[in-house]
Trainee: 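Structure in structure tokens, see below.
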Amino acid sequence: MPVSLATSVAGIPMETCVYNASGPRTADSAALAKIFNSKSGAILTRSATLQAQEGCQETSTWHDPDTDGASLNSEKAPNSGIEYYISQKTYDEVQGGDDAKKKSLSKKPYIVSIQVSTMEDTLKMIKAVLQAGVPIDAIELNVGTSSTPDGPIVGHDFELLKTLLARFSANFPEFVLGFGRKVRFGLKLPPYFEMKKFEDLAEVLNTYRVLVRYVVSTNTLGNALAVDYISEAPCISLDGGFAGLSGRAIKYTALANIKKLREVLDPCIDVVGVGGVENGTDVFEMILCGASAVQVGTTHWKQGPKCFARICRELEGIMKKKGYESLADFKGKLKPWSKEGAAAARKARASMFLPQRIIGGSEIYGVFCAALVMAVAFLLAERYELIDTLQQA
């Protein structure tokens, strides 16, 4: 049975529903070209500022060495500046250049991420993207973090967000009226924890639903702290060790945000999931909660662009096993909890991870214990040099 991972975000078609998140391995054209040559469904740049911004020289990132379940990042948005990401030279280098023309390779959607800073700088960057001479498919405005340590997170200040969208609409009416270049506009959001926050956010975004075509949820969880008990110090040197939390640790927060956003937002606003995605199961779960596509950040950071092919294969395998041919077969169709469903899940997991229960658990358990006792006895005998004694006897 053929399986399709094709999707669309804000009307932008993608061959696969999995693509990179802004941040890791997206700083320059060489890194973005590797994404182009992967199974990623789109290419998303690093969040750009008006001017190029250098990264920190101190230790600003950390991966949990014990469980690999969390990562911290306090890099302060290093990037090459907005003009770099929208230049013809960069675009050609990313999309394969002359090699792509020779091989007739199709272009992938090119999305430019912009880090919100001051109102005027943000509007200048949007204007620069709209006036660029390259076919940019979308602007993803990062309102989920602050560009400065003491700056506001616009995604948490709904009055400020409303003002930004109003200024945007007034300055760029082509977005609202639907004429001119077809550059879509989306927002990358911070995580939310109170139901009232979702409702207040939806009130703003639904008002501007013609402008805001998609949202990405969720950004890193701010102000996390990892402590090294050996050195008795933070694992990151900047900001007293406080940093954004990502990786597997935030997946369940991301799933909740995706589900709730899909419930409260107008259907014309797509939801893109991100946060803790490591495999095809994670992608399946996010689509089940209502995501149209899924971004991969920390796993891409650790494994490189090869992760996209693996994740796509795993998602295809899950869909085939369940009899789904397209994302539409299960997108947004999370079922209510039931005793029958929970029992079936337990039974399936038992068959997957405890095969001895299928072929005679008591017999295999007995053989296993006997073998274990023999192995321990042999090791003890060897340790105390009893083997020779037994042989002499």
Trainee: Can you find a heavy atom in the side chain of Lys260 that is under 4.5 Å from one in the side chain of Met195?
Mentor: yes

Trainee: Relative to Phe158, does Lys197 satisfy both conditions: NZ or CZ under 6.0 angstrom from the six-membered ring centre, and within 45 degrees of the ring's axis?
Mentor: yes

Trainee: Does the plane of the ring in Phe308 sit parallel, tilted or perpendicular to the ring in His300? Use 30° and 60° as the thresholds.
Mentor: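 Tilted, since the angle between the ring planes falls between 30° and 60°.
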
Trainee: Start with the C-alpha gap between Leu187 and Leu205, add the side-chain angles, then the distance that decides, and say whether side chain to side chain contact (heavy atoms under 4.5 Å, CB included) holds.
Mentor: CA-CA 10 Å; Leu187 297 174; Leu205 298 189; 3.6 Å; yes

Trainee: Can you tell me if CZ on Phe330 sees more than 12 non-hydrogen neighbours from other groups inside 6.0 Å?
Mentor: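 Correct, the count exceeds 12.
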
Trainee: Is a salt bridge present between Arg184 and Glu140, judged by a nitrogen-to-oxygen distance below 4.0 Å?
Mentor: no

Trainee: Please determine whether side chain to side chain contact (heavy atoms under 4.5 Å, CB included) holds for the pair Ser80 and Tyr85, giving the CA-CA distance in whole Å, both sets of side-chain angles, and the decisive distance to 0.1 Å.
Mentor: CA-CA 7 Å; Ser80 301; Tyr85 297 109; 3.8 Å; yes

Trainee: Using every non-hydrogen atom in the two residues, find where Leu211 and Ser169 come nearest and quote the distance to one decimal.
Mentor: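 Smallest interatomic distance, heavy atoms only, reads CD2-OG, 3.6 Å.
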
Trainee: Can you tell me how the ring of Phe284 sits relative to the ring of Tyr324, calling it parallel under 30°, perpendicular over 60° and tilted otherwise?
Mentor: parallel

Trainee: Is a donor on one side and an acceptor on the other found under 3.5 Å between the side chain of Arg46 and the backbone of Asp28?
Mentor: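 Such a contact is absent between Arg46 side chain and Asp28 backbone.
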
Trainee: Inspect the contact between Arg213 and Asp270 and indicate whether a charged nitrogen and a carboxylate oxygen are less than 4.0 angstrom apart.
Mentor: no

Trainee: Taking atom CD1 of Ile153 and atom CG of Asn219, what is their separation to the nearest 0.5 Å?
Mentor: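 Spacing of CD1 (Ile153) from CG (Asn219) equals 8.5 Å.
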
Trainee: Heavy atoms only: give me the nearest Leu238-Ser60 pair and the separation to one decimal.
Mentor: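 What the structure gives for the nearest pair is CD1-CB, 3.7 Å.
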
Trainee: Identify the residue among Ile126, Val112, Thr49 that makes a side chain to side chain contact (heavy atoms under 4.5 Å, CB included) with Ile82.
Mentor: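 Filter result, single survivor: Val112.
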
Trainee: Could you walk me through whether Glu285 and Lys259 pass the salt bridge (charged side-chain N to carboxylate O under 4.0 Å, His left out) check?
Mentor: CA-CA 10 Å; Glu285 291 172 354; Lys259 179 68 166 62; over 6 Å; no

Trainee: Which of these, Val294, Leu315, Val9, sits in a side chain to side chain contact (heavy atoms under 4.5 Å, CB included) with Cys17?
Mentor: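 Of all the options given, the one that passes is Leu315.
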
Trainee: Between Lys331 and Ser292, is a side chain to side chain donor-acceptor pair (under 3.5 Å) present by the stated rule, with each step listed?
Mentor: CA-CA 7 Å; Lys331 176 185 169 185; Ser292 296; 2.8 Å; yes

Trainee: Can you name the closest pair of heavy atoms from Asn206 and Arg209 and give their distance?
Mentor: O-NH1, 2.7 Å

Trainee: Could you check whether Glu93 and Ser29, counting side-chain N and O atoms only, form a donor-acceptor pair closer than 3.5 Å?
Mentor: yes

Trainee: May I ask you to check whether over 12 heavy atoms, not counting those of Glu232, lie within 6.0 Å of atom CD?
Mentor: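 Counting neighbours around CD of Glu232, 12 or fewer heavy atoms of other residues, nucleotides or ligands fall under 6.0 Å, so no.
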
Trainee: Under 4.0 Å between a Lys/Arg side-chain N and an Asp/Glu carboxylate O for Lys302 and Asp68?
Mentor: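 Yes, charged N to carboxylate O under 4.0 Å.
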
Trainee: Any idea which heavy atoms bring Asn79 and Gly81 closest together, and the distance?
Mentor: OD1-N, 2.8 Å

Trainee: Determine, for Glu314 against Arg310, whether the closest basic-nitrogen to carboxylate-oxygen distance falls under 4.0 angstrom.
Mentor: yes

Trainee: Quick check for you: to the nearest 0.5 Å, what is the distance between Leu72 atom CG and Trp62 atom CH2?
Mentor: 5.5 Å

Trainee: Measure the shortest side-chain to side-chain distance between Val272 and Gln295 over non-hydrogen atoms and say whether it is less than 4.5 angstrom.
Mentor: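 Sidechains of Gln295 and Val272: in contact.
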
Trainee: Which distance, rounded to the nearest 0.5 Å, do you find between the CD1 of Ile43 and the CG of Asn20?
Mentor: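 If we round to the nearest 0.5 Å, Ile43:CD1 and Asn20:CG are 8.0 Å apart.
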
Trainee: Can you tell me which residue among Ile12, Leu44, Ile136 is in a side chain to side chain contact (heavy atoms under 4.5 Å, CB included) with Pro109?
Mentor: Ile12

Trainee: Begin with the C-alpha distance, continue with both residues' side-chain angles, and end with the deciding distance and a verdict on side chain to side chain contact (heavy atoms under 4.5 Å, CB included) for Ile111 and Tyr19.
Mentor: CA-CA 11 Å; Ile111 305 170; Tyr19 66 105; 4.2 Å; yes

Trainee: At what distance, to the nearest 0.5 angstrom, does NZ of Lys107 lie from OH of Tyr91?
Mentor: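 These two atoms lie 5.0 Å from each other.
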
Trainee: Indicate yes or no: does Lys196 engage Glu199 in a salt bridge with an N to O separation below 4.0 Å.
Mentor: no

Trainee: Shortest non-hydrogen contact from Tyr84 to Thr90?
Mentor: O-OG1, 2.7 Å

Trainee: Roughly how far, to the nearest 0.5 Å, is the CD1 atom of Ile35 from the OG1 atom of Thr45?
Mentor: 9.5 Å

Trainee: Kindly check if the number of other-residue, nucleotide or ligand heavy atoms within 6.0 Å of CD (Glu263) is above 12?
Mentor: yes

Trainee: Could you tell me whether the side chains of Lys188 and Ser22 share a donor-acceptor contact shorter than 3.5 Å?
Mentor: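 On atom types as modelled, these side chains do not qualify, holding no pair under 3.5 Å.
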
Trainee: So which heavy atom on Ala70 is nearest to which on Leu245, and how close?
Mentor: CB-CD1, 3.8 Å

Trainee: Please list all pairs meeting side chain to side chain donor-acceptor pair (under 3.5 Å) that have one or both residues in residues 4-18, counting only residues at least two apart or in different chains.
Mentor: none

Trainee: Quick one: do Glu278 and Lys251 make a salt bridge, cutoff under 4.0 Å?
Mentor: no

Trainee: Check this for me, if you would: do Glu316 and Arg313 make a salt bridge, where the nitrogen-to-carboxylate-oxygen distance has to be below 4.0 angstrom?
Mentor: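 No, no charged N to carboxylate O under 4.0 Å.
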
